[in-house]
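To start, the structure itself, in structure tokens.
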Amino acid sequence: EEDLRRSEVLSFPLVVVALLLVFGTMVAASLPIAMALITVIITMALVFVLTQFMDVSIFVLNIASSLGIGIAVDYTLLVVNRFREELPRHSRSEAIGITMATAGQAILFSAITTMVGLSGLFFIPLTFFRSMGIGGVTVVLVSVLTVMTLVPAVLGVLGPKVNSFRILPASRESPGMWHRLAHGVMKHPIQVAVPGIVFLLLLGIPFLGVKVGAGWASALPPDAEARQGWEVVERELGAGELSPVAIVAMAPGGILKPDTVGALYDFTHRLAQDPRVKRVESIFNLDSSITREQYQQMYATPSSGLPPQVVAALRSMLAESSDVTLIRVIPSILPLSDDAKAFITEIRDQEIGPGVSVLVTGATADIGDTVDLTYRNFPLVILYIVVTSYLVLLVLFRSVILPLKAVIMNALSIFASYGALVYIFQEGHLENLLGFRTQGFTETTVPIVLFCILFGLSMDYEVFLLSRIKEVYDETGDNTASVAMVLERTGRIITSAALILVLVAAAFATSDVVVVKAFGVGVAIAVLLDASLVRALLVPALMRIMGKWNWWAPGWLLRLLPRHGMV
């Protein structure tokens, strides 16, 4: 809650200033802010309704806030900007129609790709991921519905008044930086594309050494009471006291049968002699002076004849059916460490005795199983997102090449941002600047959630750019001129939209919770890379290199694809 409040307090003033610089008028700048507020409020209300029927992760609040502000502002900004472009040349209603047929259509397809990415989280059967997916899809859906309905209605009411209350002088159209950049890229596409691709690959290299793990109390800030309590216990009593390994031993024929008692006695005493174990608590470790044979004899007698201490132990650690018992192992090693994970694996691999099986749980086993389950489903998530996004873009651009290039550029952008995250959070660089202490690994949820978020967000600006290029190309048939003209015309506004999303994401980098901080930094890096290097340099350069092949698709496929109203 503190992180959420802080990020919103930090991001909103920055977004307001950025919008004023983009539009120069109070009315135009206020529209994206109003739409963002409406989007976040509606999304939070819908999430509240969902909590009445299902468990929802607390982190949904963070994703709803960050994506709601960033996406709603971006989408509204692009619609308002296009409306202002068309208004001097057309009537109010015509300007709105052209705006929604062009910028509106690009936003719709962009939103679809973003929702496809976030819906990939549904394939992981864990509450955290599914609730994050629901929250993300909901906020994008509310954003696009708001922009497709409320925004054009408001613009229809405002008309020319959208330019009212100017506080900055109107910018004059001049060739400037984007003109020089566009024509520079068109003249030297190979010299631009090769170094850009190499740079992204180099930036992603640290990801090859990624080490996935789950956070413990150290994921909390040093002043958090839970972390302080854990550190006192770890220091004074030992790390294993709050994270014992719980072993459930099962023997359908009865735990107290002599052969089963002997097998479990051997098993528990092997565990007790392991240097990674502080002590073992079970009905077979009540007194070190009792031998294996004595345990077998003792448990063969009726419980009425047993000492009170033994009866109490049986009541607490033996099921009434007498075929299940609990063995509690207090380790001397840190939970979730490599030694702890290896210890769990060794326990599970042991043969205890005929008819005896065990189930192992506890913090290390639980989180280890969660990580295994998560990443076992991750390839399916990737396949679903990539294939579905390709098909959506195939319908939009009616080309088999452009969607493929978009997917490859996305992969490069995400790979580079992954590498930056490993460099920062796993290897511990920029610790003092960002205010955290590295745990020596990348938190389990970060790569998966970021992939699902970033695949859609990174596609946004390329969809906006390529949609505008297709408009011009359909009119002129000149690939090179279309790319240069659109890059020159849209460079400022798309960069501004990306900058706003970067500011919103960067505000979450102030979080005290390392996971939220990593999400904020990851989104900010990926969007910054995509809106600058990828969208401004690599995409135009590759389009220049491929020429008319950009727009190629076999005739039979074009006949199958639906036609849509791209102007």
Side-chain angles (χ1 to χ4, degrees), residues 3-4 7 43 47 55-71 113-140 204 207 210-215 219 367 370-386 388-389 410-411 413-422 424-426 436 439 441-460 501 504-509 511 513-527 530:
D3 289 343
L4 202 59
S7 63
T43 302
V47 169
D55 291 334
V56 177
S57 168
I58 188 68
F59 291 107
V60 169
L61 299 177
N62 298 85
I63 195 173
S65 178
S66 60
L67 287 182
I69 296 171
I71 290 178
T113 59
T114 302
M115 286 189 286
V116 164
L118 289 163
S119 66
L121 293 169
F122 299 155
F123 287 89
I124 300 178
L126 296 170
T127 298
F128 172 81
F129 291 103
R130 287 184 171 174
S131 57
M132 290 286 277
I134 291 172
V137 169
T138 301
V139 75
V140 177
F207 182 64
V210 66
K211 181 181 177 183
V212 177
I367 294 176
T370 300
V371 173
D372 291 342
L373 175 64
T374 299
Y375 281 89
R376 189 161 62 243
N377 287 272
F378 193 27
L380 179 61
V381 173
I382 295 174
L383 180 64
Y384 160 75
I385 292 175
V386 169
T388 308
S389 297
N410 258 20
S413 178
I414 293 174
F415 179 65
S417 61
Y418 274 2
L421 280 177
V422 170
I424 295 170
F425 290 97
Q426 180 175 309
F436 73 98
Q439 302 174 73
F441 56 79
T442 299
E443 211 280 334
T444 302
T445 60
V446 171
I448 296 176
V449 175
L450 273 183
F451 180 87
C452 295
I453 293 175
L454 293 180
F455 202 90
L457 287 183
S458 295
M459 196 75 79
D460 273 1
L501 191 53
V504 173
F508 281 82
S511 170
V513 180
V514 177
V515 176
V516 178
K517 188 187 295 287
F519 286 148
V521 172
V523 171
I525 290 173
V527 172
D530 189 75

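All values below were derived from every heavy atom in this structure, side-chain atoms included, with hydrogens, water molecules and symmetry-related copies excluded. Please read all numbers here as calculations on a predicted model, not as lab measurements. Residue indices begin at 1 and follow the sequence shown.
Shown here are the side chain to side chain donor-acceptor pair (under 3.5 Å) partners of Thr114, two or more places apart in sequence or in another chain: Asp460. Under the rule for a ring pair (Phe, Tyr, Trp, His ring centres under 6.0 Å), Phe415 has no partner lying at least two apart in sequence or in another chain. Every residue meeting the side-chain contact (heavy atoms from CB on, under 4.5 Å) condition with Leu126, not counting sequence neighbours, appears here in chain and number order: Ile124, Phe129, Thr370, Leu373, Thr374. For Thr113, there are no side chain to side chain donor-acceptor pair (under 3.5 Å) partners two or more places apart in sequence or in a different chain. Under the ring pair (Phe, Tyr, Trp, His ring centres under 6.0 Å) criterion, Tyr384 pairs with Phe123, sequence neighbours left out. Under the side-chain contact (heavy atoms from CB on, under 4.5 Å) criterion, Pro379 pairs with no residue, sequence neighbours left out. Every side-chain contact (heavy atoms from CB on, under 4.5 Å) that Val386 has, sequence neighbours left out, goes to Ile382, Val407, Phe455. With sequence neighbours excluded, no residue forms a ring pair (Phe, Tyr, Trp, His ring centres under 6.0 Å) with Phe519. In this structure Thr43 satisfies the side chain to side chain donor-acceptor pair (under 3.5 Å) test with no other residue, sequence neighbours excluded. Checked against ring pair (Phe, Tyr, Trp, His ring centres under 6.0 Å), Phe378 has the following partners two or more places apart in sequence or in another chain: Tyr375, Phe451.
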Distance-only criterion, 3.5 Å: show the donor-acceptor pairs between side-chain atoms of residues 131-139 and protein atoms not counting sequence neighbours.
unit_1	atom_1	unit_2	atom_2	d
Ser131	OG	Ser57	N	3.1
Ser131	OG	Thr127	O	2.7
Ser131	OG	Phe128	O	3.0
Thr138	OG1	Ile134	O	2.6

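The nearest pair of heavy atoms linking Ala524 to Ala505 is N-CB, 3.8 Å. A pairwise comparison of heavy atoms in Lys211 and Gln426 identifies N-OE1, 2.8 Å as the closest pair. Residues Cys452 and Gly117 approach most closely at CB-O, 3.1 Å, considering heavy atoms. Across every non-hydrogen atom of Asn377 and Pro125, the tightest pair is ND2-CD, 3.8 Å. Shortest non-hydrogen contact noted between Phe122 and Arg130 is O-NE, 3.2 Å. The minimum heavy-atom distance linking Val47 with Val56 is given by the pair CG1-CG1, 4.2 Å.
With a 4.5 Å cut-off on side-chain heavy atoms, Val212 and Val371 count as touching.
With rounding to the nearest 0.5 Å, the separation of CG in Asp372 from OG1 in Thr444 is 9.5 Å. Residue Ser413 holds its OG atom at 4.5 Å from CG of Asp530, rounded to the nearest 0.5 Å. Leu454 CG to Asn410 CG: the interatomic distance, rounded to the nearest 0.5 Å, is 9.0 Å. If you take CZ on Phe425 and CD on Glu443, they are separated by 11.5 Å, rounding to the nearest 0.5 Å.
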Audit row: Leu118, Leu67, side chain to side chain contact (heavy atoms under 4.5 Å, CB included) steps and yes/no: CA-CA 11 Å; Leu118 289 163; Leu67 287 182; 4.2 Å; yes

Check against side chain to side chain contact (heavy atoms under 4.5 Å, CB included), Val521 and Leu421: CA-CA 8 Å; Val521 172; Leu421 280 177; 4.2 Å; yes

Trace of the side chain to side chain contact (heavy atoms under 4.5 Å, CB included) decision for Ile525 with Ile424: CA-CA 12 Å; Ile525 290 173; Ile424 295 170; 4.1 Å; yes

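Put simply, the side chain of Ser119 gets close to the backbone of Val116: a donor and an acceptor are under 3.5 Å apart. Although no hydrogens or angles enter the test, the distance criterion places a donor-acceptor pair under 3.5 Å between the side chain of Tyr418 and the main chain of Pro447.
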